Participant: 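This is the structure I want to talk about, given as structure tokens.
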Amino acid sequence: MEFSELIRTGQAQAELLRGPEMPPLRGTLCVTGHHLLLSPGPQATPDLWLLLLRSVDSIEKRVAGDAGTITLRCKDLRVLQLDIEGVEATLDIARSIEALSSLESVITSFPFFYRPKGLRLGESWHFHPPERYYKRVARETRAWRLSEANEDFSLCPSYPRAVIVPRTVDDDALARSARFRQGGRFPVLSYYHAPSGTVLLRSSQPLTGPQKRRCAEDEELLQAVLAGARPGARGFIVDTRSAQAAKQARMTGGGTEAKSAYPGWKRLHRPLERGRPLQESFVHLVEACGDLEQSMDRWLSRLDGCHWLSHVKAALSTACLAAQGMEWEGACILVHGAEGTDSTLLVTSLAQLILDPLSRTMAGFQELIEREWIQHEAPIFLLFLDCVWQLGRQFPLSLEFGEGMLLALFDHSYASPFGTFLCNSEKERCLCEVRTRTHSLWSGLNQPKEQRKLRNPLYAPNPLAIWPSVEPQSLRLWQGLFLRWTHPPEPSEVAWEKVWQIATDQEKTEGSQPTDSASEPQP
Amino acid sequence: MFFGPSKLYEFWLPRAAGSVTQHGSSRQPIFAFLNEEKFDVDGWMVYNPVEEYRRQGLPNHHWRITFINKCYELCDTYPALLVVPYRASDDDLRRVATFRSRNRIPVLSWIHPENKTVIVRCSQPLVGMSGKRNKDDEKYLDVIRETNRQINKLTIYDARPNVNAVANKATGGGYESDDAYHNAELFFLDIHNIHVMRESLKKVKDIVYPNVEESHWLSSLESTHWLEHIKLVLTGAIQVADRVSSGKSSVVVHCSDGWDRTAQLTSLAMLMLDSYYRSIEGFEILVQKEWISFGHKFASRIGHGDKNHADADRSPIFLQFIDCVWQMSKQFPTAFEFNERFLIVILDHLYSCRFGTFLYNCESAREKQKVTERTVSLWSLINSNKDKFKNPFYTKEINRVLYPVASMRHLELWVNYYIRWNPRIKQQQPNPVEQRYMELLALRDEYIKRLEELQLANSPKLSDPSTSPSSPSQMVPHVQTHF
């Protein structure tokens, strides 16, 4: 398939309106295989504006007289308006954008063509997060091993090739446990908490069904977890469905772990919204933020009505619960919902940020995302980023990365020249050869010129757990994301620059110390 | 002072109320008169009216300083020193005083350094039901307009809602009508009166004390309308500032009596226009001038030493002003020399009666009671410890006008003040960002000192800066909250 087949009109004259805060751009508009380009002419700055077509969420077109208007709503919540000369040009461009922004095939997407100078293919893909993480775990305890039973993705198509499991459980047992779990997602190690010697695991729901089936290997697996932790350790299963929903799941083949079958494990229900209700909440919030005409008298109650912040609260509360279980009770925690892909990941990743200072460093955070998240475009990833932002707001010194990093992750998760967020699983990524044919997002973000926008200049490593307050009064609307296009960013940018200046001045003075130590007074 | 949970403001007070001795029913003096604290700095010296006017270039060809109110004979709630148009004689002023509520005649608050437009403050004209007119008052406003040749029409901002201003006529007040004041145009700013503000704050108290409303927090907050009032006050001040800054017109601001909403509008506008007032001393001078010397009725509004807490005069007008300042400091993190603690300490001592700064209702009463001789000024406490109150991100700028966004989306409830005693709200004392900044600064100073010592000891040649600067390994302890 040739991109050019989908592009009907090469060029047109247009004016781009980017919102209330930025001046309009006028010039030549052009649609390419992956981008929308506007060239205002050699004298203007910027001399080229471009948009990845992938980031377009919806298009509206209107024609009147001999001109037309296209309104693009982007996935990063921007609303752009193009006034184009020529009715036919307008309609053609709109059709081209529609077609190119929704191409199904992964390998036609831009990351497979993006070849910037200064980056080499294959850089920063060397993470192999489970293997790397396993090395950390192995230093602390011998109770776990790295299993490559999923080498060909036959056990679980959505898991990576290697997973971390209890040492005493062999690959056959894993295979049987995988058959007993939805989508093959048997319990695997997510995080090892060294201070208490306990662990955080994730999985999907057991396929107990109406006949109350059991699986000896699955039970053996969870027994081994407790045995390997501490003598007499307890376990908590945090089920992200309500008790009712979990019970109903049995009718359709799913269910919960029966108390008698899993001694030592206690089940807790902490329902987290996902799927359609979460999506609606997000849509309502975006509408409320973008609606400039509504009366401000009703802003707060409208915000309340979206319930987005109550999802943030629920996510942080459940993560705190899991973290508390490990830190204060010395218990092992297993988190699952139904499929184990949405709310499960939210809980496990936030719990790690709360407990583990390494996941709060730039490198650790990138690894956390690779390990736990690279899955969906759903608003649940945005919910995760929102929760991380709340943590950063309450603990401004404890995260090595700043708001800029979170915004960059949000943008790139929807549309990116990098391959990191492509595909839904490791298996698909291998099939499409993502690692060898696209650049990793981390190689792009870790370039020195980008780091200033992404790092937190006030970072001071904090070895303690950070417990957020989840009271509604402590949670805020993430203005930097939801009101990004309506609020002038200038004062906070000035402040950010000043903060950076203070931090780098201090580093420079530190760095310009002469290195001969003989005459240096001891601090 | 206030005791017992039924009183409105009790929950705002610092827990260590040991310094309070005044009891409503006993006749003991207010603590400020017994306080024998000594500080390095004398806060009473901070505000000198003549010096402040001189800083603004006054007196000049068009504006003079008058001592007509030296003994508070013209207006007992105004300061002794007033700045009026050169062309208005003292007799003119006396005649205008008969037409203004409480004799609070239009006087200058602030003059723009370049375009020479002014902010003038006063009270409502005593128009009454019969629509009285006063030639002297009309001429006086025209004289004010003519101090700046470029101005065709004077702008009058009446802080009240239209409806209330009209209703005030029934009690002898009113506003400047078009037919009487040809060269002026009047706008209403829709800010409600002290009773509405008192009720609004009471609603805020109800949703945060003794328990914080959890289930529909934002909707509950909306129903208090507190942030809406903040928004209206800020919007009004923005209009005043914008008008003056544009050079198109001078501004006259009044409400009913000219000591509540008027003070809010003039001081906020001055804060937006004049970067001097954003320094610590500048802000102290602003408060001392526009609020204290111009007769905001602190004693009545707060009720120092009065056990009758339900009095209709009580109202959180000054608190509202400080809340607006806090909103501005959030939107412009580098523009103010002072930090949040500075604002909270001022509010604490509004009630504490440890200092004489906020006692009594006007300058004449304070002079009579010899407050500056018998008590300590709050600014003594603050200026002796300035480092604690400084904003680490302050970047001094001259002549930058700040226009805050007064939209509900960008205003926040000041949780660190209104909900500060609730243990479930995340609070960090001291602010970790500031603490980190202090650490970085201290480290930097230490390194610079060492560098200088080494430079003296060694030759001037230094090796290359190291390529891997390490961040200080200091660990900041974190408060664990109840979860």
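Throughout, a chain's letter reflects where its sequence line sits, starting with A, and its residues are numbered from 1. Being a predicted model, the structure only gives us computed values, none of them experimental. The figures here come from the full heavy-atom set of this structure, side chains too, leaving out hydrogens, waters and symmetry mates.
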Participant: Can you say whether L227(B) sits under 4.5 Å from chain A via the side chain, the backbone, both, or neither, judging by heavy atoms?
Facilitator: side chain
Participant: Do R476(A) and V415(B) have side chains that approach each other closer than 4.5 Å (heavy atoms only, starting at C-beta)?
Facilitator: yes
Participant: May I have the step-by-step check of side-chain contact (heavy atoms from CB on, under 4.5 Å) for Q473(A) and V208(B), ending in yes or no?
Facilitator: CA-CA 10 Å; Q473(A) 299 74 21; V208(B) 305; 5.9 Å; no
Participant: What distance separates S310(A) OG from W217(B) CH2, expressed to the nearest 0.5 Å?
Facilitator: 15.0 Å
Participant: So which part of L477(A) gets closer than 4.5 Å to some heavy atom of chain B, the side chain, the backbone, both or neither?
Facilitator: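 No part of it gets close to chain B.
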Participant: For D291(A) and R409(B), which heavy atoms make the closest approach, and how far apart are they?
Facilitator: O-NH2, 2.8 Å
Participant: Among M408(B), E228(B), H216(B), find the one that has a side-chain contact (heavy atoms from CB on, under 4.5 Å) with L300(A).
Facilitator: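 Single side-chain contact (heavy atoms from CB on, under 4.5 Å) partner of L300(A) among M408(B), E228(B), H216(B): M408(B).
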Participant: If you draw a 6.0 Å radius around NZ in K386(B), do more than 12 non-hydrogen atoms from other residues or ligands fall strictly inside?
Facilitator: yes
Participant: Would you mind telling me which of S219(B), S223(B), S215(B) has the largest number of heavy-atom pairs within less than 4.5 Å of chain A?
Facilitator: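 Max contact count across the listed options: S219(B).
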Participant: Find the distance between SG (C306(A)) and CG (L218(B)) and round it off to the nearest 0.5 Å.
Facilitator: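 It comes to 9.5 Å.
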Participant: Atom CG in D304(A), atom CD in E222(B): separation rounded to 0.5 Å?
Facilitator: 8.5 Å
